[in-house]
Amino acid sequence: MKIEDLIPILEAATVPEKVPAMEAYMKNNFSFLGVQKPILKKIERDFFKPFIKDPIDWAFVEECWQQPYREFQYIAMDYLDKKKKELRPDDFPKLKQLAQTKSWWNSIDQSDRIIGEITFTYPETKQVMLDWSKDQDFCLRRIVINHQLMRKEKTDTDLLEKVILNNLGQNEFFINKAIGWSLRNYSKVNPDWVGAFIDRYRDQLSPLSIREGSKYLPS
């Protein structure tokens, strides 16, 4: 895939008057071309189609990440999401670099599903998640806390408990919110485990984590 083939397609789809609102939504941390999400998704589908069966094009991903407009990072993440079943443990360094560069909540929250696919397919990589759960970079810790969100009854509760315990006592909103989300999501399939977990660590969990994690528990 060549990014120079993609650029004119995106430029033709820009809506300049949407740019201020898009940038404000991202707290003005990123510049935007002004391509709205539904249009961007269609462009992606058409652009990826001839290449979707090819090996992962990491050069394309990295080029997207170097571009100044946020739409390119969205495209890179959507591409990796489509190719996530092809990811291998030796892709962790590349994914880690992406997670720590131009990071914001939306790219981080897509990274957790992509990275979660590796740990689900290769359980021997759980140690990577445990290591990341203690990293100074809260973006990596948030990914780890939520990387099992879609696993439902296949959730590794031992791993979930360990990564949450490694992040108790935090003042970081995005960490406490992530803990609450992970507990809330798992409570849909195993409310007893989540209820017992919250009771066991109530004194250490933040009020936000407890509130989010208890949302679907019986009162």
Side-chain angles (χ1 to χ4, degrees), residues 1-87 91 94-118 137-140 142-143 145-150 172-175 177-178 180-182 184-185 188 208 212 215:
M1 294 187 290
K2 296 182 178 180
I3 200 164
E4 54 263 33
D5 294 334
L6 180 60
I7 291 173
I9 300 172
L10 292 175
E11 289 177 343
T14 60
V15 183
E17 58 267 29
K18 297 291 184 180
V19 168
M22 295 169 80
E23 293 181 348
Y25 182 65
M26 300 296 287
K27 305 295 185 183
N28 294 305
N29 284 292
F30 303 97
S31 298
F32 281 81
L33 279 169
V35 182
Q36 295 176 281
K37 274 296 181 70
I39 302 299
L40 189 63
K41 293 290 186 182
K42 184 179 185 306
I43 290 172
E44 290 174 356
R45 284 195 302 270
D46 294 342
F47 187 76
F48 294 155
K49 190 174 181 179
F51 309 102
I52 204 63
K53 293 184 179 180
D54 293 345
I56 296 175
D57 190 340
W58 281 105
F60 172 77
V61 172
E62 290 165 5
E63 286 181 340
C64 283
W65 224 256
Q66 292 167 9
Q67 296 299 310
Y69 298 107
R70 191 60 170 168
E71 286 92 342
F72 286 97
Q73 284 92 65
Y74 293 159
I75 290 167
M77 294 305 297
D78 288 344
Y79 171 68
L80 287 175
D81 189 62
K82 290 180 183 296
K83 303 286 283 182
K84 62 180 179 288
K85 293 187 180 298
E86 300 171 35
L87 292 167
D91 291 318
K94 300 186 194 75
L95 293 167
K96 182 179 180 181
Q97 183 177 10
L98 294 180
Q100 295 185 292
T101 309
K102 296 186 179 180
S103 54
W104 199 246
W105 63 264
N106 52 357
S107 56
I108 292 303
D109 289 353
Q110 193 166 6
S111 293
D112 57 40
R113 296 195 298 275
I114 294 167
I115 288 168
E117 191 69 31
I118 302 178
D137 188 341
F138 80 85
C139 291
L140 291 182
R142 181 178 169 94
I143 287 171
I145 293 166
N146 284 337
H147 83 281
Q148 295 193 81
L149 276 184
M150 302 302 166
E172 173 57 57
F173 169 84
F174 286 110
I175 292 299
K177 186 79 168 180
W181 278 352
S182 64
R184 181 183 67 189
N185 211 60
K188 296 175 184 178
L208 173 61
E212 289 289 337
K215 186 172 183 179

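Here, residue 1 is the first one in the sequence, and each next residue gets the next number.
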Summary of salt bridge (Lys or Arg N to Asp or Glu O under 4.0 Å) pairs that have at least one residue in residues 97-110, sequence neighbours excluded
Asp109-Arg142

Give the minimum heavy-atom separation between [X] and [Y], together with the two atoms involved.
X	Y	answer
Ala99	Leu140	CB-CD2, 4.1 Å
Asp54	Glu86	O-OE1, 3.9 Å
Trp65	Thr101	NE1-O, 2.8 Å

Should the heavy atoms of other residues, nucleotides or ligands under 6.0 Å from [atom1] of [X] be counted, would the total exceed 12?
X	atom1	value
Lys82	NZ	no
Tyr74	OH	yes
Gln97	CD	no

Show the atom names and distances, to 0.1 Å, of all donor-acceptor pairs under 3.5 Å that link a side chain in residues 12-30 to residues at least two apart or in another chain.
from, atom 1, to, atom 2, distance (Å)
Thr14, OG1, Glu11, O, 3.0
Glu23, OE2, Phe32, N, 3.1
Asn29, ND2, Met26, O, 3.1

Under the 3.5 angstrom rule, does the side chain of [X] hit a backbone N or O of [Y] as a donor-acceptor pair?
X	Y	value
Lys215	Trp181	no
Lys177	Phe174	no
Ser103	Gln100	no

If you look only at pairs with a residue in residues 31-51, which of them pass as a side-chain hydrogen bond (donor to acceptor under 3.5 Å, both in side chains), with sequence neighbours excluded?
Lys41-Asp78, Lys42-Asp46

Please check if any side-chain donor atom of Tyr79 sits under 3.5 Å from a side-chain acceptor atom of Asp57, or the reverse.
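No, because no side-chain N or O of Tyr79 sits under 3.5 Å from a partner of the opposite role on Asp57.
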
Pick one: which of Leu80, Ile43, Leu40, Ile3 meets side chain to side chain contact (heavy atoms under 4.5 Å, CB included) with Ile75?
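Of all the options given, the one that passes is Leu40.
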
How long is the span from the CZ atom in Arg184 to the CG atom in Leu149, to the nearest 0.5 Å?
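Here the interatomic distance stands at 9.0 Å.
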
What distance separates Glu71 CD from Ile39 CD1, expressed to the nearest 0.5 Å?
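The distance works out to 12.5 Å.
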
Between Asp5 and Lys2, is there a side-chain N and carboxylate O pair less than 4.0 Å apart?
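Salt bridge absent between Asp5 and Lys2.
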
